[in-house]
Amino acid sequence: MEASLTDQLSADVQAAVTRAFAAAGFTGQVPATITLERPKNRDHGDYATSIALQLAKEAGKSPREVAEVLLPEIAKIVGVSAVDIAGPGFINITLNRATQAELVRTILTNKKEYGRGKALHGVAINLEFISANPTGPLHLGHTRWAAVGDALGRVLSAAGAAVTREFYINDRGRQMDLFGQSVQAAATGQPIPEDGYQGNYITELAKEVLAANPKIATAEEFREAAYKVQLAQQQRVLETFHTSFDVWFSERSLHESGAVEHGLEKLRSQGHVFEEAGAVWLRTTDFGDDKDRVIVKEDGDLTYFASDTAYYINKRERGFDICIYMLGADHHGYIHRLKATAACAGDNPNYNVEIMIGQLVKIMEGGEELKLSKRAGTIITLEELVEKVGVDAARYTLIRYPVDTPMVMDVDVLRRNTNENPVYYVQYAHARIAAVLRSAKELKIGAELDTFDPTQLVHDRENELLGALAEYPRVVASAAEFREPHRVARYLEELAGVYHGFYADCRVLPLGDEVATAVHSARAALCAATMQVLANGLDLLGVSAPERM
RNA sequence: GUCCCCGUAGCUCAGUGGAUAGAGCAACCGCCUCCUAAGCGGUAGGUCGCAGGUUCAACUCCCGCCGGGGACACCA
């Protein structure tokens with residue numbers, strides 16, 4: 001994609017500032033890139049920069065003096081219509097309106113590509129999320145990761161990364177045996193073991209397993225049969241939630257393939273493995289962990305940590321530059337451990353490993369918080385949430401908050417199809433534009449580039465809308481950079497709001513007997529561009545963009 | 001005890017070191033004879049938990065408190 005208007009302007013301003021600064025003989029270094037802000041207040045121009053304030057100290061001048069020197073050069077930039085100095089020394093830049101309106105051309109030409117960038121081009125990212133035990137249905141916490149992880153995968157791809165989405169199946173260890181015993185007990189009418197799995201789904205699983213294998217007998221057989229059923233159920237539910245994975249990675253396969261021994265060898269070769277009290281340890285304290293970790297227990301069994309280290313090394317050997325782990329709040333102790341593991345393996349823990357910790361989701365219904373407990377069987381599953389509010393509302397609501405804040409979902413609100421739920425606000429804007437463009441087509445009013453005249457777009461609302469559309473590529477880039485897909489959702493809400501304002505003040509289609517003119521076509525094209533950006537953004541969230549509502 | 005996250009409007013929450021801290025809901029007042037009112041406009045609502053520090057500039061970065069949530073294993 002061609003450089004966005006903002007990027008181009010930023011580069012032009014940088015060149016202008018460098019020229020003016022050198023010509024004035026000031027001391028100091030002009031930064032290689034100058035960030036332009038979008039002022040919240042429209043009176044402050046289309047773009048603003050604080051470069052004069054930054055350069056003032058070293059130059060030994062007041063910020064306003066510096067700004068005075070820079071101003072004439074910035075004013076020469078093609079497309080700039082006015083430059084002002086404001087406040088302590090901000091430089092406010094106003095663009096020629098037709099120049100900004102050219103953005104419509106960019107969007108309608110690039111279509112789905114508009115907003116995609118190359119910031120992460122050539123970076124191979126392994127994005128691991130959910131990674132639930134195959135011992136039960138996916139619950140609310142998993143659902144948050146399903147939505148956010150999937151959206152993050154899309155956002156990272158949009159920034160040019162080669163993303164592999166991966167689900168780690170914890171199909172080994174004691175919890176699997178307990179699971180098998182629990183299902184067996186339910187099938188044979190015995191009491192569920194003390195630490196076993198309780199919910200109603202165990203009874204259902206038992207029935208299903210028995211129906212398919214009437215001769216089933218041992219706990220191992222129950223475990224394996226129930227595992228298959230439960231995993232398939234998780235996969236099916238995630239499919240309905242529009243969350244996809246490239247790799248379903250079994251913990252068992254790590255052990256069967258010799259990856260665990262291989263990982264241990266690798267760590268040993270790096271010199272951070274030692275033996276003590278009959279166990280094999282990894283000296284993670286060399287790299288900031290608060291205690292060393294056992295890999296092989298005294299009795300010769302491998303710890304869960306052994307799998308973790310082997311899995312990490314396996315990921316790196318599969319060619320991933322960055323391994324992102326999306327974990328629940330109860331796993332925050334993993335941060336130091338995993339970072340230290342990477343360091344022990346000779347990697348850069350600040351680049352090769354990223355750990356995102358998601359806080360809890362609370363759920364309200366009927367004005368009360370639903371207390372979730374596996375024991376009591378009152379877990380809310382992904383499936384139930386979707387039944388209650390639908391895929392779009394569930395996904396959107398979970399995505400629009402940063403994951404490091406605990407969030408509360410009010411089922412009653414999400415069930416009402418009103419604009420209390422922001423997803424409808426955004427989708428409505430899309431559907432509304434679709435309706436306008438349908439009418440435009442009937443009236444034979446062009447909404448395409450061949451009938452588009454950028455000089456027609458001079459209304460403040462049009463300008464505001466163009467400004468919002470211009471922001472989209474930067475929003476996608478920052479969402480990818482900071483691993484925060486919620487930025488896309490927040491942006492879409494803002495864009496929808498700006499569009500609704502435009503719609504209220506700027507008539508797109510001719511009124512009554514009015515003759516269609518170039519203004520109508522230009523506005524229709526602006527609508528089409530807005531619709532494209534809304535659709536692109538919703539696609540990044542995995543939320544549908546309806547043509548009718 | 002150690003570590004992680006959070007304290008922003010009545011509620012739920014946004015807020016790349018920048019100008020007068022925002023949105024939705026809730027409250028109040030307006031706007032449909034013509035493109036989707038699932039919309040738009042307005043009023044009201046704040047010691048950004050407290051106290052220091054860095055900076056031309058701090059809700060934002062650093063330190064210390066206070067308050068809330070969560071986690072510590074040769075469990076998984």
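Proteins get letters first, then strands, A, B, ... in listed order; numbering begins at 1 in each.
Side-chain contact check for A/Leu540 versus A/Val476: some heavy-atom pair is nearer than 4.5 Å. Two residues are said to be in side-chain contact when any heavy atoms from C-beta on lie closer than 4.5 Å; A/Leu541 and A/Leu492 meet this criterion.
To the nearest angstrom, C1' of B/A73 lies 15 Å from CD of A/Glu298. The separation between A/Arg400 atom CZ and B/C25 atom P is 11 Å, rounded to whole Å.
The nearest heavy atom of RNA chain B to A/Ala504 and to A/Phe305 marks one nucleotide each, and the one closer to the 5' end goes with A/Ala504. When each of A/Ile433 and A/Phe90 is assigned the nucleotide of RNA chain B bearing its nearest heavy atom, the one mapping closer to the 5' terminus is A/Phe90.
Among the protein residues, A/Ala48 comes within range of the nucleic acid bases, having at least one heavy atom under 4.0 Å from a base atom. Among the atoms of the strands shown, none is found under 4.0 Å from any heavy atom of A/Asn170. If you check every strand for non-hydrogen atoms under 4.0 Å, A/Ala279 touches a base. Within the 4.0 angstrom heavy-atom criterion, no nucleotide atom of any strand lies near A/Ala434. As judged by a 4.0 angstrom heavy-atom cut-off over every strand, A/Ala86 is placed among the base-contacting residues. The residue A/Ser439 sits close only to the backbone: its heavy atoms come under 4.0 Å of sugar-phosphate atoms, none of a base. Nucleic acid contact class of A/Arg64 (heavy atoms, under 4.0 Å, all strands): none. Among the heavy atoms of the strands, none lies under 4.0 Å from A/Arg523.
A salt bridge between A/Arg507 and A/Glu514 is absent, with no side-chain N of the basic residue lying under 4.0 Å from a carboxylate O of the acidic one.
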query = Could you spell out the base pairing of RNA chain B in dot-bracket, with Watson-Crick or G-U pairs whose two distances are under 3.5 Å, [ ] crossing and | to another strand?
reply = (((((((..((((....[...)))).(((((.......))))).....((.((..]....)).)))))))))....

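Note that A/Arg523 lies outside the cation-pi zone of A/Tyr503, set by a 6.0 Å cut-off to the ring centre and a 45° limit from the axis. The cationic group of A/Arg337 lies under 6.0 Å from the six-membered ring centre of A/Tyr334 and within 45° of the ring axis, placing it in a cation-pi geometry.
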Using residues 47-54 of chain A as the side-chain source, report each donor-acceptor pair under 3.5 Å to any protein atom, sequence neighbours left out, with the distance given to one decimal.
unit_1	atom_1	unit_2	atom_2	d
A/Tyr47	OH	A/Thr6	OG1	3.0
A/Tyr47	OH	A/Arg38	NH1	3.3
A/Thr49	OG1	A/Ile51	N	3.2
A/Ser50	OG	A/Gln54	NE2	3.0

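OP1 or OP2 of B/A73 lies within a sub-4.0 Å distance of a side-chain N or O belonging to A/Arg337.
Between B/A19 and B/G69, the two C1' atoms lie 36 Å apart (nearest whole Å).
The side-chain ring of A/His486 is not stacked on the base of B/A14, judged by centre separation under 5.5 angstrom and plane angle under 30 degrees. Both thresholds, 5.5 Å between centres and 30° between ring planes, are not jointly met by A/Tyr428 relative to the base of B/U36, so the two rings are not stacked.
Listed by chain and residue number, A/Asp289, A/Asp290 satisfy the salt bridge (charged side-chain N to carboxylate O under 4.0 Å, His left out) test with A/Arg293 (two or more places apart in sequence, or in another chain).
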